[in-house]
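Data first, discussion second: the structure below is written as structure tokens.
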Amino acid sequence: MKKVVVISTSLRHGSNSHVMAEQFAKGAEAAGHQVELISLRGKEIKFCVGCLACQQTGSCVFKDDVPAIMDSVLNADVVCWATPIYYYEMSGQMKTLIDRMNSMYPKDYRFRDIYLLTTAAEDETFVPQRAESGLQGWIDCYGKCSLKGHIFCGSVGGPNAIAGNAKLQQTYTLGKNI
């Protein structure tokens, strides 16, 4: 049994990427894994100010919801990020969380397998490339882990537009096969 953390970064009600996150989580649960689905909706996540105090003290100077999220990530075997694509990039709240997790860098971590789920109104194959590249920058800082899978679902612009999409079954199966 693996500990799986799924981070849904969209703040929109009816988010297509959140629906994908739920399907990944259901698949992982069906396979017998312990799953924690974290939604950033309603979470307080302040911007990193680059003070680097976290590198000296092991924790950020800001007191918000990030330490609990970070603790979950540090103790997970698998981390799955789900994000809508805005202007051909990951959501701002996902990038903000990644920046704020800077204090993880010198710490020991369990995660080895990283997954990415992305959605967008556009459907061209290049649409999610920058989001994947941005996440890869974070992955590259943690030498014991790697990107194991990425599912992109395009042509889903409005809330709940993903309903009935075949990519949901693929996402469930990806979660089940981790």
Any donor and acceptor pair, going by atom type alone, linking the side chain of [X] with main-chain N or O of [Y] inside 3.5 Å?
| X | Y | answer |
| --- | --- | --- |
| Glu124 | Gly154 | no |
| Lys63 | Cys60 | yes |
| Asn177 | Thr173 | yes |

Please report the interatomic distance [atom1]([X]) to [atom2]([Y]), rounded to the nearest 0.5 Å.
| X | Y | atom1 | atom2 | value |
| --- | --- | --- | --- | --- |
| Met70 | Cys54 | CE | SG | 8.0 Å |
| Ile7 | Ser39 | CD1 | OG | 11.0 Å |
| Ser103 | Leu52 | OG | CG | 11.0 Å |
| Ile38 | Ser72 | CD1 | OG | 4.0 Å |
| Lys167 | Cys153 | NZ | SG | 6.5 Å |
| Ile98 | Leu135 | CD1 | CG | 5.5 Å |

Do you know the tightest heavy-atom contact between [X] and [Y]?
| X | Y | value |
| --- | --- | --- |
| Ser146 | Ile139 | CA-CG2, 3.9 Å |
| Ala131 | Met90 | CB-N, 3.6 Å |
| Gln93 | Ser10 | NE2-CA, 3.9 Å |
| Ala53 | Val61 | CB-CG1, 3.7 Å |
| Ala31 | Lys176 | CB-O, 3.3 Å |

If the condition is salt bridge (Lys or Arg N to Asp or Glu O under 4.0 Å), which residues does [X] pass it with, not counting sequence neighbours?
| X | result |
| --- | --- |
| Lys2 | Asp113 |
| Lys107 | none |
| Asp77 | Arg110 |

I'd like to check the side-chain contact (heavy atoms from CB on, under 4.5 Å) partners of Glu44; sequence neighbours left out, ordered by chain and number.
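For Glu44 the side-chain contact (heavy atoms from CB on, under 4.5 Å) partners, ignoring immediate neighbours, are Lys46, Asp64, Asp65.
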The criterion is side-chain contact (heavy atoms from CB on, under 4.5 Å); which residues satisfy it with Ser133, sequence neighbours excluded?
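By the side-chain contact (heavy atoms from CB on, under 4.5 Å) rule, Ser133 matches no residue at all.
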Can you tell me which residue pairs pass the ring pair (Phe, Tyr, Trp, His ring centres under 6.0 Å) test with a partner in residues 57-91, sequence neighbours excluded?
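Those involving residues 57-91 are Trp81-Trp138, Tyr88-Phe126.
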Strictly by ring pair (Phe, Tyr, Trp, His ring centres under 6.0 Å), give each pair with a member in residues 151-178 just once, sequence neighbours left out.
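Counting only pairs at least two positions apart or across chains, no ring pair (Phe, Tyr, Trp, His ring centres under 6.0 Å) contact touches residues 151-178.
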Which ILVMFWY residues can you reach from Met20 by hopping between side chains whose heavy atoms are under 4.5 Å apart?
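In the cluster with Met20 are Val4, Val6, Val19, Phe24, Val35, Leu37, Val78, Tyr115, Leu117, Ile151, Val156, Ile162, Leu168, Leu174, Ile178.
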Please enumerate all residues that pass side chain to side chain donor-acceptor pair (under 3.5 Å) together with Gln136, with sequence neighbours excluded.
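Counting only residues at least two positions away or on another chain, Gln136 forms a side chain to side chain donor-acceptor pair (under 3.5 Å) with Asp140.
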With sequence neighbours excluded, tell me which residues meet side chain to side chain donor-acceptor pair (under 3.5 Å) with Thr118.
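Result, side chain to side chain donor-acceptor pair (under 3.5 Å) vs Thr118: His150.
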Given the rule in the side chain to side chain contact (heavy atoms under 4.5 Å, CB included) test, do Met104 and Tyr142 qualify, once you have shown the distances and angles that lead to the verdict?
CA-CA 10 Å; Met104 282 180 22; Tyr142 297 93; 3.3 Å; yes
Between Ser17 and Thr83, does a side-chain hydrogen bond (donor to acceptor under 3.5 Å, both in side chains) hold up when you go through it step by step?
CA-CA 6 Å; Ser17 61; Thr83 185; 5.9 Å; no
Would Thr9 and Ser91 count as a side-chain hydrogen bond (donor to acceptor under 3.5 Å, both in side chains) here? Give the steps.
CA-CA 7 Å; Thr9 69; Ser91 67; 3.0 Å; yes
If a pair satisfies salt bridge (Lys or Arg N to Asp or Glu O under 4.0 Å) and one of its residues is in residues 78-96, list it, with sequence neighbours excluded.
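Matches after skipping sequence neighbours: Lys95-Asp99.
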With sequence neighbours left out, which residue pairs that include part of residues 13-34 fulfil the salt bridge (Lys or Arg N to Asp or Glu O under 4.0 Å) condition?
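Qualifying pairs, neighbours excluded: none.
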Are [Y] and [X] connected in a single hydrophobic cluster, I mean Ile/Leu/Val/Met/Phe/Trp/Tyr linked by side-chain heavy atoms less than 4.5 Å apart?
| X | Y | value |
| --- | --- | --- |
| Leu147 | Met101 | yes |
| Tyr105 | Ile114 | yes |
| Val127 | Leu116 | no |
| Leu40 | Ile85 | no |

With side chains defined as the heavy atoms from C-beta onward, is the minimum distance between Lys144 and Tyr109 less than 4.5 Å?
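Counting from C-beta outward, Lys144 and Tyr109 do come under 4.5 Å.
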Output, in order, the C-alpha distance, side-chain angles, deciding distance and verdict of side-chain hydrogen bond (donor to acceptor under 3.5 Å, both in side chains) for His13 and Arg41.
CA-CA 9 Å; His13 182 70; Arg41 191 169 181 218; 3.3 Å; yes
Atom CZ of Arg12 with >12 non-hydrogen neighbours under 6.0 angstrom
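More than 12 heavy atoms, drawn from other residues, nucleotides or ligands, come within 6.0 Å of this atom.
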